[in-house]
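I have placed the structure first, in the form of structure tokens, so that the comments after it can refer back to it.
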Amino acid sequence: MKIMKRPNILLTGTPGVGKTTLGKELAQRTGLTYVNVGDLAREGQLFDGFDEEYQCPVLDEDRVVDELEDKMGGGGMIVDYHGCDFFPERWFQIVFVLRTDNTNLYSRLEGRGYTGKKLLDNVQCEIFQTIYEEAMEAYDEEIVHQLPSNEPEDLERNLEQIVQWLEQWMKDNN
Ligand code: ADP
Ligand code: MG
């Protein structure tokens, strides 16, 4: 039996924009494998030092890449992380940057317990579209797409669009 080729999908964007919500549901609907890079790092202690300013461990990007390399080579992965410039460009066939309006994001992050500088820096990250620009720098601009992620209707539409893209990709590449 011939094994079907499947693409790898990157879901990125500022914390709170809805990457994990979308990624898990997408995995359910498509059978692709969801990977949360933050969780992976915690489980494997893939950290390299501690950020005093933000009071959080610093990701060991090289070890994260090593850890994921074999799985990514096989395709069919959905990767969720609030950064994207340290992954090998060749890993991904498509990159989605989720976007949320400021007031909306502010209340989501507040609800998550973010306060003070951490809260403001993350909202500012979204206002300055930092992650979108990072993605446009790191990948072929043609494969980078922004997805609005403000309300449940956005989630549903994003899911439908990605499923459709995936079906077309499978036809074109198998
Ligand atoms: P991220 O993984 O990007 O940090 P999450 O998926 O954890 O974001 O979502 C952050 C919060 O926003 C959660 O409370 C989630 O339920 C909510 N959320 C995510 N996507 C949407 C959406 N499209 N509409 C409304 N709320 C959403
Ligand atoms: Mg998340």
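Order of appearance sets the numbers: ligands from 1, and atoms from 1 within every ligand. No hydrogens, no waters, no symmetry mates; every other heavy atom, side chains included, goes into these values.
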Measuring to the Mg ion (ligand 2), does Asn36 have an N/O/S atom at a distance below 2.8 Å? no
Taking the basic N atoms (NZ, or NE/NH1/NH2) and the acidic carboxylate oxygens, is any pair closer than 4.0 Å for Arg63 and Glu67? no
One pair per line, please: each N/O atom of ligand 1 matched with every protein N/O atom under 3.5 Å away, atom names first, then the distance to 0.1 Å.
residue	atom	partner	partner atom	Å
ligand 1	2 (O)	Thr20	N	3.0
ligand 1	2 (O)	Thr20	OG1	2.7
ligand 1	3 (O)	Val17	N	3.4
ligand 1	3 (O)	Gly18	N	2.9
ligand 1	3 (O)	Lys19	N	2.8
ligand 1	3 (O)	Lys19	NZ	2.8
ligand 1	4 (O)	Gly16	N	2.8
ligand 1	4 (O)	Arg112	NH1	3.3
ligand 1	4 (O)	Arg112	NH2	2.7
ligand 1	6 (O)	Thr20	N	3.4
ligand 1	6 (O)	Thr21	N	2.8
ligand 1	6 (O)	Thr21	OG1	2.5
ligand 1	7 (O)	Arg112	NH2	3.0
ligand 1	8 (O)	Gly18	N	3.0
ligand 1	12 (O)	Arg108	NE	3.4
ligand 1	23 (N)	Glu151	O	2.9
ligand 1	24 (N)	Asn150	O	3.4
ligand 1	24 (N)	Glu151	N	3.3
ligand 1	24 (N)	Glu151	O	3.3
ligand 1	24 (N)	Pro152	N	3.3

Measure from the ring center of Phe86 to the ring center of Tyr81 and say whether it is less than 6.0 Å. yes
Run the numbers on Asp154 and Arg157 for salt bridge (charged side-chain N to carboxylate O under 4.0 Å, His left out), then give the verdict. CA-CA 5 Å; Asp154 292 332; Arg157 198 188 51 247; 3.2 Å; yes
Between Thr14 and Ile131 the two heavy atoms that sit nearest each other are N-CG1, 3.8 Å
Would you call the rings of Phe96 and Trp165 parallel, tilted or perpendicular, taking 30° and 60° as the class edges? perpendicular
More than 12 heavy atoms of other groups within 6.0 Å of Glu153 CD: yes
